Each structure stands twice: as structure tokens, then as C-alpha cells.
2 protein chains.
Amino acid sequence: MDISVLHNSILFKGFDDTEISELLKALNATEKKYNKGEMIFSSGEITDKLCFVTAGGVTIESNDMWGNRTILNLVGKGQFFTESYALLPDVPMLVDVCAAEDCSIVFLSMKSLADLNDTIRARLLANLLTITTRKNLHLSSRSFHTAPRQVRGRIMAYLNTVSVQKHSREFDIPFDRQQLADYLNVERSVLSNELSKMQRDGLIRCRKNHFEIITVTYLPG
Amino acid sequence: MDISVLHNSILFKGFDDTEISELLKALNATEKKYNKGEMIFSSGEITDKLCFVTAGGVTIESNDMWGNRTILNLVGKGQFFTESYALLPDVPMLVDVCAAEDCSIVFLSMKSLADLNDTIRARLLANLLTITTRKNLHLSSRSFHTAPRQVRGRIMAYLNTVSVQKHSREFDIPFDRQQLADYLNVERSVLSNELSKMQRDGLIRCRKNHFEIITVTYLPG
DNA sequence: CCCCAAATGTTGTAATTACAACATACTTTC
DNA sequence: GAAAGTATGTTGTAATTACAACATTTGGGG
């Protein structure tokens, strides 16, 4: 198991190596590898596992009965997922979790939290609070990215966020075209088309998943 | 200040009357009334206040520069909001908070958390964790309600959720038409129109904000 | 009971998107 | 470096939505 990634995670912030090893044991940590496209959880499942990405990445998505996918979030190396369901173990999952690429996941049993001593548990809970709070902001972000009614507005909303996060007008995005379309809740072909128009209009430049924002001020029309 | 609502809140679960009174003092609890439509927070603001609705309700919304509103969440009596921003006090708010009706809000300073003794703080943090976790599920819910591409699909997704929550095919929703439209990210007139069609098609019955689902199985086309 | 204001419903047209089908580019494997 | 497979770009048409304008209903105050 790749301990180093876990050591730098938010969950174990403030814990030393010995404590982390003991915690991993206490929480029944297990690791499993998945191939791109494999399903890790399906909607309706119940779990008490807090999941951690040690390699690769997964998408949190909703797939309706007509095959439409909506990507709610992309969880990359060093990040957690299913924390909500792990902490509210009565609630069946509303989402699917799917390997966005070959990846490796560590599962931690939150049921076992109760067995820890108070001090350790308090420190863990404080860290969990940070995780859920940040996840909240991520979920809110997507709402802003899908709020504009037009495709161009959604693209710009998303690209602006990434640009601010990376402190640069030039950056890579973690999505391919189909994933970005599913994240922004638009048709892939319409997305491709709009990206072309935006390049012709001199708003952006892009090649594959590398983007450059030429003009910041986006005006509708 | 209306103590009884706070006593039954998730935040103070497990605390007795004396402890709650002390905590309210320690967290500099203040109460303020707002009229319908009044702004409580604007996007860009920074706050360390955890907010609690003692009466009425507020909307968490995004208003873009062209006057388009998107309602992310409706927070009613007995519920909390801005917990993410209170706990991550560096992060400027992405949303506006607006009084959906005449309401009364209690503000709790999270900066003051640090001054509490370890035991009390640990218990509070555990309760905060429940609040943020539930908020996460609410935010996810909205994503499912706005995931369908067609208006009818969005309406059914939303009504189904409410129906499940209330354990009944007949229920009131907390939104008026404009609010529901802004929550589902569609035009108000299109929403009204679609509701009419759905009644003609025998899917639902509704009058004002009272709804009845006639047929559960919704098939596209 | 009437008037007013707000909320909701209806309709038509312009604009946008969905969808399918196809074209091109890029990767990987042998 | 061909072949096959995947990802991305382009285009046209049908369907849907946005928007504006107007009609109707509802719920108070006078």
C-alpha cells in the first residue's frame, strides 16, 4: 500500500507515522485496483467505507435509465470520496462511482470509528469535517458551472474557475471532451462545436485538454 | 431569542439546557430579522458565522450579472446555512443568501470555537460534521433534479424526491413557481406550460404548491 | 364588492440544443 | 508505418427552450 500519499492526505493531517499505521489497521484499510471504466459503487448501495484515491482518478456520476451520464465530480489522487455515505450509513448512495482511468483505491471502515479512543477520534472527526466542507464547495462549484443557460456560458464559467485555481490563463483540465460535456450537462458534439466557435471568436485557444483563455471578459450575445 | 428551536437543532444535539445557554454566549449568538427579499449575504463576502433559521426561510442562490437566478438550496426553519464558509474562513462566498420570506436568523461565531474546552468542542464538531454531511446530500440532490435535459424530466425528478421524503404521493412543495423554475434551472413560463401539459397527460395534479403524483412511471418521449 | 398587486397560465416566434451521421485527427499495437 | 480503435470536430434537421407579451387567476385591502 502506498503510505506516502495517505500521509499527505487531509484525513491524517497532524498524525505521525506510527499513529497513521495504527489507524490504518484500526480502520481495516484495504486497497484495490480498478481498470478504467470499472464501477466501484453503484447507486442504491450502502457503504460505511471512506474511500481514498492513491492513484488515478474516479468520477462521481449519475447514470439514468436512458444512458445519460451526469458527472458531479472528479476525484483525483490524494482525495477522498463517499465520505457522506460513510458517515450516514443508513443512506443509500444516489450516485455511481466509476474509474475515470486505471486507479487504486484505499477503503477505510468508518464503522470502526466508534472503537477509537476519544482523543484520536476527535482529531479524525475534525479532519473529516474539513473533507466534507471542501467537498461542499466542490459541489457548489459545479452548480455555478451548469447555471448559465447557454453552452458558451457554462464553458466560460468552468474555465474561469480552473484558471483561478491554477493561477494562470493557461492550464490543463482533467476532463476529456465527453467527460466535460457530461460535467457541464451538454451534448458532446455541441460542446466541440462551441469550443471551435470560441476559438474563431478569439476567446480561447485549446488543443486536447490544454486550454488558454485569451479574453477574460465574456459578454453574452 | 427563540431557544426552543435551537434546542432541537442538530448542532446542539446531546447538549442540555445549561450547556446550550453557555455555548450561545461563548459563540456570541446574535439574532436578526429580515424581510422577504432582503439580502443576508452577498457573493464575495467572507464570514465566520454559522447561521441558523429560527423562523421563515432563506434561499441559497447565485445571481449572475444578467439577472439570472439559480437557487441552489432552500433552508427552512430549524436548519443551518453558511457552515462551509464559517469553517473555511478564508474562502469568499460564491453564493448570495436571500430571505425567501420574512425570517429570523441566529448568527454563531465559529472563530470562537477555538476558545472552547476540548470535550465540548469535540461534541460540537461531531454535530457540525452531521450538518455538513447532510448538506452534501442536499447539494447532490439538486444535481439529480437538474440532470435531465428536458423540463418534464427535471420536474419529475424533483417531485419524486419530495414524494419519497414525505412518504406520500400528495404533498406541498416549499417553492412558488418562480423559485421552482430557478431551482430547476428552467424558464418560469416553460415550467408553467409543462406543468399544464403534465396534468393534461394525467401524470400529476397540482394547484399552487400542492402536488399529487398520479403516475409514478415516467417514460420519455 | 371592487380594485390592486402578485402569481400563475398561455401563446407565438426566435434562438438554442439534441441527436444522428459522418469526417478528421490522434494513439496504440503489431 | 499500416490498421484498428478511440477521441474529437463538423454539419443538418428535428425538437426543445428562451423570451416577450399578454391573459387569467388569486388573495388581500380598502
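To find a chain, count down the sequence lines: A is the first, B the second, and so on, and within it residues start at 1. Because the structure is a prediction, the values reported are computed rather than measured. These numbers come from the heavy atoms of this one structure, side chains and all, not from hydrogens, waters or symmetry mates.
Following rounding to the nearest Å, A:Leu180 (CG) and D:dT8 (C1') show an atom-to-atom distance of 12 Å. Rounded to an integer number of Å, the gap from NZ of A:Lys36 to C1' of D:dG5 is 12 Å. Put simply, CG on A:Asp182 is 11 Å from P on C:dA18, counting in whole angstrom units. One can place CG of A:Leu195 at 13 Å from P of C:dT17, the figure rounded to the nearest angstrom. In this structure, CD of B:Glu194 is placed 15 Å from P of D:dA15, rounded to the nearest angstrom. Taking atom CZ of residue B:Arg177 and atom P of nucleotide C:dT10, one finds them 11 Å apart after rounding to whole Å. We find that CD of A:Glu101 is positioned 17 Å from P of D:dT6, with the value rounded to whole Å. B:Gln199 places its CD atom 8 Å from the P atom of C:dG9, with the value rounded to the nearest Å.
Contact of the B:Thr59 side chain with the B:Asn73 side chain is not registered, since no non-hydrogen atoms from C-beta on lie closer than 4.5 Å. In this structure, A:Val58 and A:Tyr34 have side chains that are not in contact, with every pair of non-hydrogen atoms separated by 4.5 Å or more. Taking 4.5 Å as the limit, some side-chain heavy atom of B:Leu129 sits within range of a side-chain heavy atom of A:Thr132.
Ring pair B:His145/B:Tyr183: centre-to-centre distance below 6.0 Å.
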Using a 4.0 Å heavy-atom cut-off to protein, can you give one letter per nucleotide of nucleotides 19-24 of chain D, 5' to 3': B if the base is in contact, S if only the sugar-phosphate is, - if neither? BB----
Each nucleotide of nucleotides 25-30 of chain C classed B (base within 4.0 Å of a protein heavy atom), S (only sugar-phosphate) or -, in 5' to 3' order, makes -S----
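Here the closest non-hydrogen pair linking B:Lys36 and B:Asp102 is N-OD1, 2.8 Å.
A donor-acceptor pair under 3.5 Å is absent between the side-chain atoms of B:Gln199 and the main chain of B:Ser196, judged by distance alone. Without hydrogens or angle criteria, B:Asp182 side chain to B:Thr70 main chain gives no donor-acceptor distance under 3.5 Å.
Taking only side-chain atoms of B:Val151, from C-beta outward, the nucleotide of D:dA7, D:dT17, D:dT8 with the closest atom is D:dT17.
If you check every strand for non-hydrogen atoms under 4.0 Å, B:Asn193 touches a base.
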Would you be so kind as to tabulate the donor-acceptor pairs closer than 3.5 Å made by side chains of residues 37-53 of chain B, with sequence neighbours excluded?
{"from": "B:Glu38", "atom 1": "OE1", "to": "B:Asn35", "atom 2": "N", "distance (Å)": "2.7"}
{"from": "B:Glu45", "atom 1": "OE2", "to": "B:Ser42", "atom 2": "N", "distance (Å)": "2.8"}
{"from": "B:Thr47", "atom 1": "OG1", "to": "B:Lys49", "atom 2": "N", "distance (Å)": "3.0"}
{"from": "B:Asp48", "atom 1": "OD2", "to": "B:Ser109", "atom 2": "OG", "distance (Å)": "3.0"}
{"from": "B:Asp48", "atom 1": "OD2", "to": "B:Lys111", "atom 2": "N", "distance (Å)": "3.0"}

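Between the side chains of B:Asn209 and B:Asp172, no donor-acceptor pair of N or O atoms lies under 3.5 Å.
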